[in-house]
Amino acid sequence: MYSADHPLKPRRLIGVHDLLRRIGAFDRPNAVVLEPRDAAIAEIERIHSPEYIRAVQEASVDPDLEYARWGLSPYGDTPPFAGMHDASLLTTGATLRGMDEVLAGRLRVSFNGAGGLHHAMRDRASGFCIYNDPAIACGLLADRGLKVAYVDIDAHHGDGVQAAFYDTDQVLTISLHETGRSLFPGTGFADERGIGRGAGYSVNVALPPYTDDRAYTAAFDAVVPPLVARFRPDVLVTQQGIDSHYSDPLTHLQVSTHAREHAVRAFRGFDVPWVAMGGGGYDLDAVARGWSIEYLVMLGAAVPAELHDADPPAWTGDERDAIDVATDVAVRDALAAAFR
Ligand SMILES: [Zn+2]
């Protein structure tokens with residue numbers, strides 16, 4: 001993960017780092033803070049085309065030229081900016097540095113809060129994402145002959161990772177997200193299930209807006225642990241975007257830190273080498289508390305109650321019924337489309 005004084009670290013991560021330092025998380029004997037490395041071009045090319053990488057390099061030097069065909073537009077979510085190539089190599093490299101340690105057996109789990117840029121496509125930047133570090137990690141792990149379970153709990157569909165492994169059964173992708181009917185990128189429905197050998201290995205749980213902890217946890221438990229157990233991965237890769245939080249300004253899920261802790265405890269319980277990263281998350285207080293809790297869970301440390309949301313949303317009455325029915329449908333469709 002990034003060191004505290006790194007200039008390229010997004011500002012929202014400083015809050016996570018400060019909170020973890022304040023509660024002594026980095027002083028624990030099993031916590032290690034790693035320096036990131038640059039990703040190699042060959043590693044980026046595992047997922048992205050040489051032409052796209054060249055365009056990002058050019059945009060990095062001369063951001064005022066025209067790059068819209070590569071998803072880089074000053075009027076879009078992902079504008080070109082000076083130095084973007086180098087910054088993205090470092091963001092990706094931080095995930096890979098953690099992966100290196102996990103593969104070597106020196107760490108049980110690594111976490112890169114700056115990573116999880118799951119929307120980037122082979123030839124196109126998208127949704128703030130330039131190089132798709134989770135897909136690159138999954139690809140490099142698969143190239144070693146490992147079976148990879150990728151679980152994405154960002155509020156947005158992990159479309160770029162799904163696309164990268166749509167035709168293979170070596171990487172199982174599971175994404176729980178707010179339905180594409182109400183949220184970017186507009187994909188992630190249960191019938192996107194993979195093709196060829198990959199049929200059934202892309203799993204999508206398209207949750208209704210306003211899904212709360214109770215419904216979210218029920219959906220997670222019905223889909224993620226059983227499918228991961230059935231798949232029997234050699235390695236787990238997780239994208240833990242925390243924009244599913246109820247206070248997030250960009251999304252409509254109503255998930256709290258409690259449901260998130262439950263999910264991350266399940267990840268830990270799979271007991272396989274684990275490469276974790278962040279993702280979205282735009283309410284700074286929720287990002288700081290949420291990822292701090294999740295980091296403590298990764299360490300196997302106790303979670304102080306004051307880090308949690310005091311009063312998470314919980315539907316009652318007709319709204320309860322409506323959310324439960326809609327999440328049940330999402331679960332049923334996801335399981336029906338999954339591999340046997
Ligand atoms: Zn997101």
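Numbering of ligands and ligand atoms starts at 1, following listing order.
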From CA spacing to verdict: ring-ring contact (aromatic ring centres under 6.0 Å, His included), Y295, F26: CA-CA 10 Å; Y295 187 84; F26 301 128; 5.7 Å; yes
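Ring geometry for F267 versus F270: interplanar angle of 30 to 60°, hence tilted.
Taking the salt bridge (charged side-chain N to carboxylate O under 4.0 Å, His left out) definition, one finds that D333 meets it with nothing, sequence neighbours left out. Scored by the salt bridge (charged side-chain N to carboxylate O under 4.0 Å, His left out) test, D123 finds no partners at all (sequence neighbours excluded).
Annotation for F184: hydrophobic cluster partners, listed by chain and number, are none (ILVMFWY side-chain heavy atoms under 4.5 Å, direct or chained).
For the Zn ion (ligand 1), the neighbouring protein N/O/S atoms at less than 2.8 Å, given as residue and atom, are D154 OD1, H156 ND1, D243 OD2.
For the residue pair H308/E261, the side-chain donor-acceptor check at 3.5 Å is satisfied.
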